[in-house]
Amino acid sequence: MKADLKKALLIIADISGYTSFMISNRRDLEHSQTIITELLRSIIQLVEIPLEISKLEGDAIFMYLPRNLDVLPSLLTKELIGEKLLSFFEVFQTRLSALAESITCSCGACKNIHRLTLKIIAHSGEALFYKIGNFLELSGIDVILVHRLLKNSIT
């Protein structure tokens, strides 16, 4: 197995309230998942190189930016990534509002869409990049840390 330890900016865009939303709306599971899918899709459409999606994690998008890029100067990269993260919040909120306004269904999922929020965690560190089959995986202490940072009480 070939693996490379690389410096990277690790980013997770996570829908806060997902677990309680799905559990409380288990009878409306199809509508719940449609709403979550639409919100994730709105963010995915904004992801552009040099930012890469590692994987979807249910209610979250795990992304990374290799830190050894010679393409963009460091200061410019920070500014672009900062703007990109802000745009994730904006598109999420815009899509959430549009969904809430267009829904005519009175199921629990559709009535409680406003309870969903977006949390984004960004952490600069290292990750071990390796392949399993056709999948590029990331692991390491910093990958664990960025996931643990999601588990705070801030929503």
Side-chain angles (χ1 to χ4, degrees), residues 3-25 28-69 71-72 76-100 102-103 109-110 112-155:
D4 293 316
L5 186 63
K6 298 179 185 176
K7 292 184 181 202
L9 178 63
L10 306 169
I11 301 168
I12 298 181
D14 177 78
I15 298 177
S16 293
Y18 171 81
T19 301
S20 61
F21 181 75
M22 296 301 276
I23 290 171
S24 65
N25 299 304
D28 309 308
L29 189 57
E30 191 173 328
H31 283 194
S32 299
Q33 190 55 54
T34 298
I35 291 165
I36 298 300
T37 298
E38 285 298 313
L39 294 170
L40 289 175
R41 187 177 287 142
S42 69
I43 296 168
I44 290 168
Q45 291 174 346
L46 293 181
V47 177
E48 301 169 329
I49 294 175
L51 194 58
E52 297 281 343
I53 295 175
S54 173
K55 64 174 66 175
L56 300 181
E57 300 177 341
D59 65 328
I61 306 165
F62 181 36
M63 299 165 272
Y64 66 92
L65 172 73
R67 295 301 301 233
N68 56 350
L69 290 176
V71 180
L72 298 171
L76 179 58
T77 302
K78 288 177 186 177
E79 186 175 322
L80 291 173
I81 294 300
E83 289 172 6
K84 182 60 69 177
L85 298 182
L86 288 175
S87 70
F88 289 165
F89 283 112
E90 291 168 3
V91 74
F92 178 89
Q93 193 57 50
T94 298
R95 188 68 185 131
L96 186 72
S97 296
L99 286 169
S102 68
I103 291 174
C110 294
N112 291 302
I113 190 173
H114 64 279
R115 293 187 177 175
L116 298 170
T117 59
L118 184 66
K119 181 187 296 185
I120 298 176
I121 303 294
H123 173 67
S124 183
E126 292 182 328
L128 188 67
F129 288 72
Y130 62 98
K131 289 197 79 153
I132 298 180
N134 292 329
F135 301 98
L136 178 65
E137 294 291 326
L138 281 70
S139 69
I141 301 302
D142 289 314
V143 172
I144 293 168
L145 179 61
V146 76
H147 281 84
R148 284 189 144 184
L149 287 170
L150 281 175
K151 306 302 176 198
N152 62 50
S153 61
I154 300 170
T155 57

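Scanning all heavy atoms of the two residues, the minimum distance from F62 to V146 falls at CE1-CG1, 4.1 Å. The two atoms that bring G58 and L40 nearest to each other are O-CD1, 3.4 Å, heavy atoms only. Here the shortest heavy-atom pairing between F88 and I120 reads CB-CD1, 3.7 Å. The minimum heavy-atom distance linking L46 with S87 is given by the pair CD1-O, 3.6 Å. Scanning both residues, A109 and I35, for their nearest heavy atoms gives O-CD1, 3.8 Å.
Contact of the E83 side chain with the L86 side chain is not registered, since no non-hydrogen atoms from C-beta on lie closer than 4.5 Å. Using a 4.5 Å cut-off on side-chain heavy atoms (C-beta onward), I36 and L116 make contact. When side chains are defined from C-beta on, L118 does not count as touching L96, because their heavy atoms never get closer than 4.5 Å.
Heavy-atom neighbours of I141 CD1 from other residues, nucleotides or ligands within 6.0 Å: at or below the threshold of 12. Within 6.0 Å of CD on E57 lie more than 12 heavy atoms contributed by other residues, nucleotides or ligands.
The distance from atom CZ of R41 to atom CG of L56, rounded to the nearest 0.5 Å, is 10.5 Å. To the nearest 0.5 Å, atoms CG (D4) and CG (L138) are separated by 11.0 Å. Here I81 contributes atom CD1 and S124 contributes atom OG; the two are 11.0 Å apart, rounded to the nearest 0.5 Å. Rounded to the nearest 0.5 Å, atoms CD (E126) and CG (L5) are 4.5 Å apart. Taking CD1 of I103 as the reference point, atom OG1 of T34 lies at 9.5 Å (rounded to 0.5 Å). Rounded to the nearest 0.5 Å, atoms OH (Y64) and CG (D142) are 16.0 Å apart.
In this structure, S42 contributes its side chain and L39 its backbone to a donor-acceptor pair below 3.5 Å. Under the 3.5 Å distance criterion, the side-chain polar atoms of D14 are left unmatched by any main-chain donor or acceptor of K119.
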I44 vs I53, test: side-chain contact (heavy atoms from CB on, under 4.5 Å). Steps then yes/no.
CA-CA 8 Å; I44 290 168; I53 295 175; 4.0 Å; yes
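Applying the side chain to side chain donor-acceptor pair (under 3.5 Å) test to residues at least two apart or on different chains, the pairs with a partner in residues 45-55 are E48-K84, K55-E137.
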